[in-house]
Amino acid sequence: MSGVLFTCAGQRVDIVTAFKRAGARTLATDVNPLAPALYHADEHAFVPRVDDPGYVDALRRLVEAYDVSLIVPLTDLDHGVLARARGDLGGALVLLPAPEIVDALADKWLAHLLFVERGIGSPPTWLPGALPDELEFPVLVKARHGFGSRGIYRCADRAELDFFLGYTDKESMVQSACRGEEFSIDVFCDLESRCLNAVPRTMIESKGGESIKGRTIRDPELIELGRFVSETLGLVGPANVQCFRESDGSHRVTDINPRFGGAFPLPTAAGSRYPELALALAAGERPEPRLGDFREGLVMTRFFSELVLSAGPDGTLEPFAEELPEPVAPDGVEP
């Protein structure tokens with residue numbers, strides 16, 4: 001049974017439990033003792049902040065103590081650190097591409113330049129000091145290092161553009177607003193950057209940059225786009241490709257997150273088997289690509305849930321299981 005360490009576990013209960021169902025021993029880490037995913041793993045541990053000099057050493061000690069063979073980052077926060085420290089983590093496989101790709105994808109301006117360089121369609125994009133005199137609106141002011149749709153402002157004209165460029169306190173860029181339909185493609189690549197599968201889905205509704213309603217679709221063009229993009233960039237492990245299909249049939253990629261996407265339960269339900277593929281890579285196997293092998297037409301709609309914790313004997317927190325009274329049978333009825 002493979003040991004899997006999840007960093008920045010946060011609220012990603014869905015991912016931790018999917019790996020458990022796939023047969024992994026799970027170890028979730030976070031700096032916050034109220035991160036709910038911690039308490040859904042087989043084991044959990046608290047670690048320093050990502051920017052703490054002792055972060056990597058803390059992870060390495062956990063890798064050695066729990067016989068971890070696979071490290072899966074669940075947010076973007078420590079991608080740069082882990083991509084550079086993969087040789088210092090006790091031999092565990094880190095599911096991330098090369099550091100230069102991680103760095104480029106973390107900066108929306110550098111990502112745009114990378115897409116253009118590699119022949120990947122991307123909306124026209126400019127830095128604030130290099131805007132053309134003739135600009136077609138609407139455009140978006142986007143924080144270069146934003147996430148969760150934070151720091152994005154839609155501008156209908158030059159006056160709004162000037163206002164939001166002055167209003168934002170984030171290093172930003174200006175990008176032409178796409179007018180077509182938006183899609184996401186959840187891909188998974190092996191250590192040679194072969195795309196093993198690509199599952200496109202519609203974006204029925206999103207909140208805070210995360211899809212909460214969507215449908216899997218078997219669209220050959222989007223499947224091929226996911227393969228082309230991931231193999232062209234040299235992605236490793238999971239990634240989420242966000243794109244628009246314009247009226248002329250072209251596709252423009254706006255963001256790529258080299259991790260499991262927010263709508264992870266949908267491709268999982270559709271049979272992507274991404275946790276199983278990750279475990280196979282950690283075991284030294286070489287799975288063959290299964291492009292298009294998933295169930296189309298599945299619809300996901302998400303909802304809030306909760307985890308109640310109580311203080312354990314040593315002052316730590318542990319899940320609280322309320323003892324419900326036994327049901328009382330009506331008179332004359334056997335319980």
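When reading the values below, keep in mind they use all heavy atoms of this one structure, side chains included, and skip hydrogens, waters and symmetry mates. Note that the structure is predicted; figures quoted are calculated from it, not measured.
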*Could you state the interatomic distance from CG (Leu77) to CZ (Arg259), rounded to the nearest 0.5 Å?*
9.5 Å
_Intermediate values then yes/no, side-chain contact (heavy atoms from CB on, under 4.5 Å), Phe183 and Thr202_ = CA-CA 5 Å; Phe183 299 93; Thr202 63; 4.2 Å; yes
_I'd like to know if Arg84 pairs up with Asp103 as an ion pair, taking the criterion as any Lys NZ or Arg NE/NH1/NH2 lying under 4.0 Å from an Asp or Glu carboxylate oxygen._
yes
*In terms of heavy-atom contacts, does CZ of Arg273 have more than 12 from other residues, nucleotides or ligands at under 6.0 Å?*
no
*Side-chain contact test, heavy atoms from C-beta onward, threshold under 4.5 Å: evaluate it for Glu224 versus Leu291 and give yes or no.*
no
_Does Asp133 have more than 12 heavy atoms from other residues, nucleotides or ligands lying within 6.0 Å of its CG?_
no
_Would you say CD of Glu117 has more than 12 non-hydrogen atoms from neighbouring residues, nucleotides or ligands within 6.0 angstrom?_
yes
*Mind listing the closest non-hydrogen atom pair of Val50 and Cys8 along with its distance?*
CG2-SG, 3.9 Å
*Go through the steps for Arg60 and Asp88 under the test salt bridge (charged side-chain N to carboxylate O under 4.0 Å, His left out), then give the verdict.*
CA-CA 7 Å; Arg60 178 183 50 76; Asp88 302 319; over 6 Å; no
*Are any side-chain N or O atoms of Tyr55 and backbone N or O atoms of Val81, one a donor and one an acceptor, separated by less than 3.5 Å?*
no
*Heavy-atom distance under 4.5 Å between the side chains of Pro33 and Leu38, does that happen here?*
no
*So, does Arg25 use its side chain to make a donor-acceptor pair with the main chain of Tyr66 at under 3.5 Å?*
yes
_Can you give me the closest heavy-atom contact between Ser184 and Met203, atom names plus distance?_
OG-SD, 3.3 Å
*Could you tell me how the ring of Phe19 sits relative to the ring of Phe260: parallel (under 30°), tilted (30 to 60°) or perpendicular (over 60°)?*
perpendicular
*What heavy-atom pair brings Ile185 and Ala198 nearest, and what distance separates the two atoms?*
CG2-CB, 3.9 Å
*Do Arg86 side-chain atoms and Ala83 backbone N/O form a donor-acceptor pair below 3.5 Å?*
yes
*asked:* Applying side chain to side chain donor-acceptor pair (under 3.5 Å), can you list everything that pairs with Asp219, at least two apart in sequence or on another chain?
replied: Arg245
_Reported OG-to-CH2 distance for the pair Ser176 and Trp126, which is rounded to 0.5 angstrom_ = 5.5 Å
*Between CD1 of Ile212 and OG1 of Thr301, what distance do you get to the nearest 0.5 Å?*
7.0 Å
*asked:* A side-chain contact here means heavy atoms from C-beta on lying under 4.5 Å apart; do Arg302 and Asp14 qualify?
replied: yes
*Measure across Leu235 and Cys189 and return the closest heavy-atom pair with its distance rounded to 0.1 Å.*
O-CB, 3.3 Å
_With rounding to the nearest 0.5 angstrom, report the CD1 to CD distance, Ile152 to Gln175._
8.5 Å
*Should we say atom CD of Gln11 is surrounded by more than 12 heavy atoms from elsewhere, each under 6.0 Å from it?*
no
*Judged by atom type as modelled, is there a donor-acceptor pair below 3.5 Å linking the side chain of Thr17 to the main-chain atoms of Val13?*
yes
_With heavy-atom distances below 4.5 Å as the criterion, would you say the side chains of Val68 and Leu62 are in contact?_
no
*What closest approach, in Å, do Ser230 and Cys195 show between heavy atoms, and which atom pair accounts for it?*
OG-CB, 3.5 Å
*What about Phe228 and Ile101, same hydrophobic cluster or not, with Ile/Leu/Val/Met/Phe/Trp/Tyr joined at side-chain heavy-atom distances under 4.5 Å?*
yes
*Treating Ile, Leu, Val, Met, Phe, Trp and Tyr as nodes and any side-chain heavy-atom pair under 4.5 angstrom as an edge, say whether Ile15 and Leu196 lie in one connected cluster.*
yes
*So, does His44 use its side chain to make a donor-acceptor pair with the main chain of His40 at under 3.5 Å?*
no
*Is it true that a side-chain atom of Thr26 and a backbone atom of Val4 form a donor plus acceptor pair closer than 3.5 Å?*
no
*asked:* Checking His145 against Lys170 for the side-chain contact (heavy atoms from CB on, under 4.5 Å) test, could you report, in this order, the C-alpha distance in whole Å, the side-chain angles of both residues, the deciding distance, and whether it holds?
replied: CA-CA 8 Å; His145 296 90; Lys170 308 294 185 184; over 6 Å; no
*Would you say Glu318 and Pro313 make side-chain contact, with heavy atoms under 4.5 Å?*
yes
*Hey, does the side chain of Asn197 reach the backbone of Asp293 with a donor-acceptor pair shorter than 3.5 angstrom?*
yes
*Do Arg179 and Phe244 have side chains that get closer than 4.5 Å, going by heavy atoms?*
no
_I'd like to know if Arg194 and Glu288 make a salt bridge, using a cut-off of under 4.0 Å between side-chain N and carboxylate O._
yes
_Let me check something: do Leu277 and Phe294 share a hydrophobic cluster, defined by ILVMFWY side-chain heavy atoms less than 4.5 Å apart, either directly or through other members?_
yes
*For the atom pair CG (Leu93) and CG (Leu5), what is the distance rounded to the nearest 0.5 Å?*
12.5 Å
Name each donor-acceptor pair under 3.5 Å that joins a side chain in residues 261-272 to protein atoms two or more places apart or in another chain, with its distance.
from: Thr268; atom 1: OG1; to: Phe264; atom 2: O; distance (Å): 2.8
from: Ser272; atom 1: OG; to: Pro267; atom 2: O; distance (Å): 3.0

*Evaluate the criterion side-chain contact (heavy atoms from CB on, under 4.5 Å) for residue pair Val236 and Leu281; output intermediate values, then yes/no.*
CA-CA 11 Å; Val236 171; Leu281 295 183; 5.8 Å; no
*Verify the cluster assignment for Phe320 and Tyr39: are they in a single hydrophobic cluster under the rule of side-chain heavy atoms below 4.5 Å apart?*
no
*How close do Leu95 and Gly237 get, heavy atom to heavy atom, and via which atoms?*
CD2-CA, 3.9 Å
*asked:* Quick check for you: to the nearest 0.5 Å, what is the distance between Asp78 atom CG and Ile71 atom CD1?
replied: 9.5 Å
*So with a 6.0 Å cut-off around CZ of Arg295, is the heavy-atom count from everything else above 12?*
no
*asked:* Using the salt bridge (charged side-chain N to carboxylate O under 4.0 Å, His left out) definition, which of the options Arg215, Arg201, Arg218 pairs with Glu296?
replied: Arg218
*Considering residues at least two apart in sequence or located in another chain, which fulfil the ring-ring contact (aromatic ring centres under 6.0 Å, His included) criterion with Tyr167?*
Tyr153, Phe163
*asked:* Would His79 and Leu105 count as a side-chain contact (heavy atoms from CB on, under 4.5 Å) here? Give the steps.
replied: CA-CA 10 Å; His79 282 181; Leu105 297 181; over 6 Å; no
*Can you find a pair of side-chain heavy atoms, one from Gln242 and one from Asn257, that are under 4.5 Å apart?*
yes
*asked:* Donor-acceptor pair, distance only, cut-off 3.5 Å: does the side chain of Thr216 make one with the backbone of Gly297?
replied: yes
*Looking just at side-chain N and O atoms, do His112 and Ser122 make a donor-acceptor pair shorter than 3.5 Å?*
yes
*asked:* So Cys243 and Leu222, do their side chains get closer than 4.5 Å, heavy atoms only?
replied: yes
_Is there a path of hydrophobic side-chain contacts, each under 4.5 Å between heavy atoms, that joins Val31 and Leu317?_
no
